[in-house]
Every structure is written in structure tokens, then in C-alpha cells.
Amino acid sequence: MGFIGSALIRLRHNPLPESMNQERKQFLIELLLPALTRFIGTQRWFRSKGKTLDVVAVEDCFLAEAGKDTDLYFILKISYKEKAEELYFFPCVLLSREKHDPPHKKKVETFEIGQSFFDCVEIIHHGAAFRRLLQRFSDETETVSDRGRFKFKCYGPSFKNGVEAARIVPLSAEQSNTSVKIDDRSILKIFRKMDEGVNPEVEVLKFLNQQKCSIVPMLQADMIYESSDKVMSAAVVQNFIPNLGDGWSYVLKSLPGLLGSPISEFKQTAFASEIRQLGETTATMHLEFSQAQEDDPQFGAEWINRDDLGRWAGDFKRLVKRAETDMESLKSSSLEGQPPHDLTGLLNKIFREADRIQQWETKDLFYKVRYHGDFHLGQTLKTDSGWVLFDFEGEPIRSIAERKQKGCVLKDVAGMLRSFDYAAFVACRNAASCRELTEEMNEKSTQIRRALRELFLEGYFSVQALEGRLYPQDKVLRSEWLGFFELEKAVYELIYEINNRPDWIEVPLQGIRDLYDPTESNR
């Protein structure tokens with residue numbers, strides 16, 4: 001019969017156990033797990049939509065009663081038929097209500113237990129439960145779970161004031177985690193997919209805050225899960241920065257009015273100046289990273305060596321192989337958006353691109369440092385005074401250890417250039433009368449993409465303190481490195497789209513074609 005059948009029989013005949021003992025915990029797990037299994041696969045932050053879900057089990061759980069309601073912080077282990085496993089953090093609340101009361105609008109599922117009704121709701125959608133979470137941050141509590149503990153830490157007093165009456169607004173922007181605005185002073189981000197190690201965002205913000213870097217948010221608090229064999233970040237709190245929108249939204253809002261302008265006029269607009277400024281701000285961030293003490297093991301600059309070239313080449317090859325594997329998973333799934341027929345051959349060709357960098361000499365190249373790691377327009381905020389950069393988690397599909405490795409800052413530059421490809425594609429598609437871009441709109445998209453790239457690079461390379469230190473001084477070699485990192489980013493995007501938005505794979509695929517074509521001169 002299994003746990004689902006057992007739980008349903010108990011639902012029909014038994015009330016919820018009274019005391020918060022192991023029997024009650026097990027009952028709640030058996031009650032909620034089938035509903036959570038159905039719910040998780042539909043969420044934007046669920047990262048493995050291209051895989052076949054096999055088993056969902058509870059890795060650990062913290063439960064706390066609050067009157068008639070119960071807070072539950074689940075760590076769920078998700079197993080796939082492709083022999084992979086992932087951990088996800090799912091904080092929720094079980095709300096008790098009378099039969100005649102309407103169910104919660106954001107409920108995951110409703111349960112009838114004996115004569116009582118209960119709604120399971122994500123914690124971000126219930127003000128009282130979310131404020132209890134905030135209070136745990138404010139009190140810097142340590143809550144014991146079945147197999148470990150959740151530890152809450154604040155970095156300064158600013159976050160501790162007034163959490164009891166805080167206004168809670170879940171943010172609707174699509175992303176791989178979940179963010180909630182607290183009044184107009186803080187943003188709490190829940191890390192949904194949990195990975196071994198402290199999230200890079202916590203470490204990077206600590207470092208940049210100590211550098212008094214004004215172009216990033218202030219770290220206010222974080223939440224760590226610890227067990228006998230794991231340390232994982234569960235959430236982070238930063239100050240809220242008033243803004244005009246993230247860079248992605250800002251660029252998409254600005255481009256339609258400029259699509260009809262000649263490119264020569266486009267480059268003279270105030271918007272063009274803002275893209276140049278974004279390049280300068282990016283270079284400022286990299287300069288801050290380079291200021292770390294040399295003996296700082298996490299952030300100190302180190303001269304690159306041949307081992308680094310081999311590691312980066314190996315990383316690229318593994319990324320290409322993963323793209324091939326995920327493509328096969330997509331072919332066998334029922335998701336819409338099948339990969340183009342030429343993708344396998346193209347991936348086989350670019351696999352050999354990694355051999356190029358191993359032939360380059362390390363002499364007179366550059367230092368490797370920490371960098372953003374997943375840099376694109378969506379990780380920037382446009383403000384009245386300029387640009388703010390945020391979200392230092394690194395690329396979600398990589399391990400925490402990989403995200404913390406030092407590398408070349410041109411990886412961030414390549415990420416932003418790829419983001420301009422996406423923005424130009426979406427802006428021109430939105431301007432077209434149908435989803436299929438005409439030849440004219442395709443040409444316009446290419447022109448806009450190249451103009452955005454040129455403006456950003458003009459601003460970035462104007463900060464000459466980086467030249468010869470964080471990237472090659474030789475412009476030809478610099479272009480070679482940038483092209484390689486762009487190609488690597490496009491393959492990463494392909495993997496991401498296969499697993500999250502299969503109908504978008506044409507965007508990174510076109511980027512791969514353009515970057516691999518030796519006749520392309522837009523780098």
C-alpha cells in the first residue's frame with residue numbers, strides 16, 4: 001500500500017495527533033509529501049524540468065507549533081530516473097480553519113482530517129508564519145531539526161527593528177530562488193536548491209561590504225543548515241535598494257522606442273550612455289575584487305598557470321558533454337520544444353574548442369580573482385544614481401565549490417554580452433507582429449545586439465587599471481579569451497534552457513552558431 005495509501009486511511013478515520021512527538025511529525029510528513037511532490041515540479045524555481053522525477057523523500061524537517069498552526073521547514077531529497085539527486089528547501093505552514101471558512105488563496109493543497117480542515121501554504125504567502133521566520137533571524141536563534149539544525153545570524157542591528165509589523169511582499173520576478181520584500185528596507189531570498197557549502201553570495205557580500213563597495217547591497221542576515229555531514233545555505237537577507245527596475249526589464253522597456261532609429265543615432269542616446277556606464281560599473285566591481293590581500297585564501301589574486309588552463313578547458317568539455325546528455329533527456333521527455341537536428345553535430349565540433357586555450361602561453365596573461373559568476377542584465381538594478389550589482393550566487397547548475405573558484409573576470413563580461421543577445425532577441429520578437437521573426441527583424445536584432453556589446457565594452461575597457469592585470473593587455477589575445485568564455489556561457493545557457501524553458505533553446509543555439517563561425521567579427 002505504501003505511505004500514501006496509509007496516510008489517506010488515517011486521514012479518513014483519525015484526527016491530527018495532539019502532541020508534537022515523533023508520531024505527529026511522521027503523520028504530517030506522510031500527509032504533506034504527496035502534495036509537495038505534485039507541487040514542486042510546477043514551480044519556476046524547480047531546476048530539473050528536463051529530468052524524470054522518481055522519488056521525493058524528506059531529508060530533514062523542523063516543525064514548530066504556533067497556536068493552531070504549524071510551521072514546517074522541509075529539506076526534500078528528490079531522486080530522478082536519470083540516477084541524479086537534489087536537495088530542495090521548502091518552508092511552509094499548515095493552517096487550521098473551520099469547514100465554512102474559505103481556503104487560503106495560495107494553498108498548495110487542502111486536507112480534511114477528522115472534522116478539521118487544514119491548508120498547506122508556502123511560508124512566503126502567509127504573513128504571520130513569515131514574520132515568525134523573520135523573528136528567528138532577529139533573535140539569532142538556533143532551531144533543532146530531526147537530523148541537524150538551522151542557524152540564524154544577523155550582521156548589524158538594522159534588520160532587527162520592527163519585524164513583528166513588517167509588510168511582506170513576495171516578488172514575482174522569475175528566478176531560480178524565491179525573494180520577498182520586507183517593508184522598503186530588506187529583501188529575503190530563500191535558496192530553493194540546496195548545495196553543499198556556504199553560498200557564495202554570503203561570502204562575496206561580506207567581502208565587498210568590508211571593502212565599502214557602494215555598488216552592491218549590504219548583507220543583513222543569513223540562515224545556515226548544518227547536519228553531521230552537511231553545511232548548506234538556506235536563506236539570506238540584504239538591504240532593499242530603491243530602483244527603476246532590474247537591468248533586463250529596463251533594457252526591454254527602453255529598446256522598443258529605439259528600434260526604428262539608425263544605429264548611429266542609437267549610440268548617441270541617453271540609453272547608450274547608461275549601457276556604457278554599466279560597463280564601467282562592472283569594471284569597478286572587478287577592481288574591488290582585485291583589492292583583496294594577497295594572503296586571503298578566498299579572495300586574494302593569484303597569477304594564472306598552466307593548471308588553470310587545463311582546468312578551464314576540462315570544465316568546458318564537461319559542460320558540452322552535459323549539454324549532450326540533457327539534450328537526450330529532452331528528446332525522451334514529453335516537454336515541448338525539441339532540440340534542432342543539427343545540435344549534436346554542432347556540440348561535437350565545439351567540444352574541440354577547449355583545446356585552443358591549452359595551447360596559449362601563460363606568460364604575461366593576468367591574475368585570477370573571485371568574480372560575479374553569473375552576470376547578466378537580470379543581476380543589475382538601474383537606480384537614479386547609476387547601477388547596482390547583486391545576486392552573487394554564481395551559475396546555479398554548478399556546485400558551490402566550482403562557484404567559489406577564482407577565474408578570469410572576462411567570464412562576467414561574456415555573461416553580459418550573452419545577455420544582450422537575449423535582450424535584442426526578445427525586444428525584436430515583441431515588436432514583430434508574430435512569434436516568427438522576419439528577415440528584417442532578424443537583421444535589426446543583430447544590429448542592436450552588436451551596438452549594445454560595443455557600448456558595454458567601451459565602458460568596461462575604459463577602466464584601464466584592469467588592463468594587463470585581470471585580463472590580457474594584448475587586444476587580440478583578449479578577444480580570443482572573451483570569445484572562448486562567450487562560447488562557454490552559450491553552452492551553459494543551452495543546458496539551462498533545456499531544463500527550464502525548452503522553447504527558448506534557439507537563443508543560445510544561435511549564439512553558439514555565431515560564436516563558432518570564424519567569419520563572425522562581432523566579438
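From a predicted model like this one, the values you see are computed outputs, not experimental measurements.
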Could you tell me whether Glu506 and Arg513 make a salt bridge, using a distance below 4.0 angstrom between a side-chain N and a carboxylate O?
yes

Is Lys181 positioned over the aromatic face of Phe240, cation under 6.0 angstrom from the ring centre and no more than 45 degrees off axis?
yes

Rounded to the nearest 0.5 Å, what's the gap from CG on Leu347 to CG on Leu509? Could you check?
8.0 Å

Out of curiosity, Tyr471 OH to Tyr460 OH, how far, rounded to the nearest 0.5 Å?
6.0 Å

Is any side-chain N of the basic residue among Glu458 and Arg276 closer than 4.0 Å to the acidic one's carboxylate O?
yes

Could you tell me whether the side chains of Arg311 and Gln405 share a donor-acceptor contact shorter than 3.5 Å?
yes

Salt bridge flag under 4.0 Å for residues Glu86 and Arg47:
no

Mind telling me whether Phe90 and Phe39 have parallel, tilted or perpendicular rings, with 30° and 60° as the class edges?
perpendicular

Does Phe289 have Arg370 sitting over its ring (NZ/CZ under 6.0 Å from centre, angle to axis within 45°)?
no

4.5 Å side-chain heavy-atom contact, Lys382 and Ser249:
no

Compare all side-chain heavy atoms of Val251 with those of Ile275 and state whether any distance is below 4.5 angstrom.
yes

Salt bridge check, Asp195 against Arg403: does any charged N sit closer than 4.0 Å to a carboxylate O?
yes

Under a 3.5 Å threshold, yes or no: a donor from one side chain and an acceptor from the other, between Lys206 and Tyr155?
yes

Distance col, row Asp391:CG vs Gln238:CD, nearest 0.5 angstrom, shows 7.5 Å

When you compare the side chains of Arg192 and Thr178, does any donor N or O come within less than 3.5 Å of an acceptor on the partner?
yes

I want to check something: taking the side chain as every heavy atom from C-beta on, are Asn199 and Val236 in contact at a cut-off of under 4.5 Å?
no

Hey, does the Lys NZ or Arg CZ of Lys321 hover above the aromatic six-ring of Phe351, less than 6.0 Å from the centre and inside 45° of the axis?
yes

Compare every heavy atom of Leu319 with every heavy atom of Ile397, then report the nearest pair and how far apart it is.
CD1-CD1, 4.2 Å

Could you tell me the separation between the CG atom of Leu389 and the CD atom of Glu288, rounded to the nearest 0.5 Å?
11.0 Å

Quick one: does Leu188's side chain get under 4.5 Å of Leu134's, heavy atoms only?
yes

At their closest point, which heavy atom of Asp474 faces which heavy atom of Val476, and how far apart are they?
OD2-N, 3.1 Å

Does any part of the side chain of Phe299, heavy atoms only, come nearer than 4.5 Å to the side chain of Val369, both counted from C-beta?
no

Salt-bridge present (Asp412, Lys489; N to O < 4.0 Å):
no

Do Phe191 and Pro396 have side-chain heavy atoms sitting under 4.5 Å apart?
no

Do the side-chain N and O atoms of Tyr496 and Glu395 include a donor-acceptor pair separated by under 3.5 angstrom?
no

Are Leu278 and Met416 side-chain neighbours, meaning at least one heavy-atom pair lies under 4.5 Å?
yes

Parallel, tilted or perpendicular: which one describes the rings of Phe420 and Phe456, with boundaries at 30° and 60°?
perpendicular

Counterpart residues, side-chain hydrogen bond (donor to acceptor under 3.5 Å, both in side chains), relative to Gln43 (two or more places apart)
none

Using the six-membered ring wherever Trp is involved, compare the ring planes of Phe366 and Trp312 and label them parallel, tilted or perpendicular (cut-offs 30° and 60°).
parallel

Rounded to the nearest 0.5 angstrom, the CG-NZ distance for Asp374 and Lys411 is 11.5 Å

With the side chain counted from C-beta on, respond yes when Val413 and Leu410 share a heavy-atom pair under 4.5 Å apart, and no when they do not.
yes

Measuring from atom OH of Tyr367 to atom OG of Ser290, what distance do you get when rounded to the nearest 0.5 angstrom?
10.5 Å

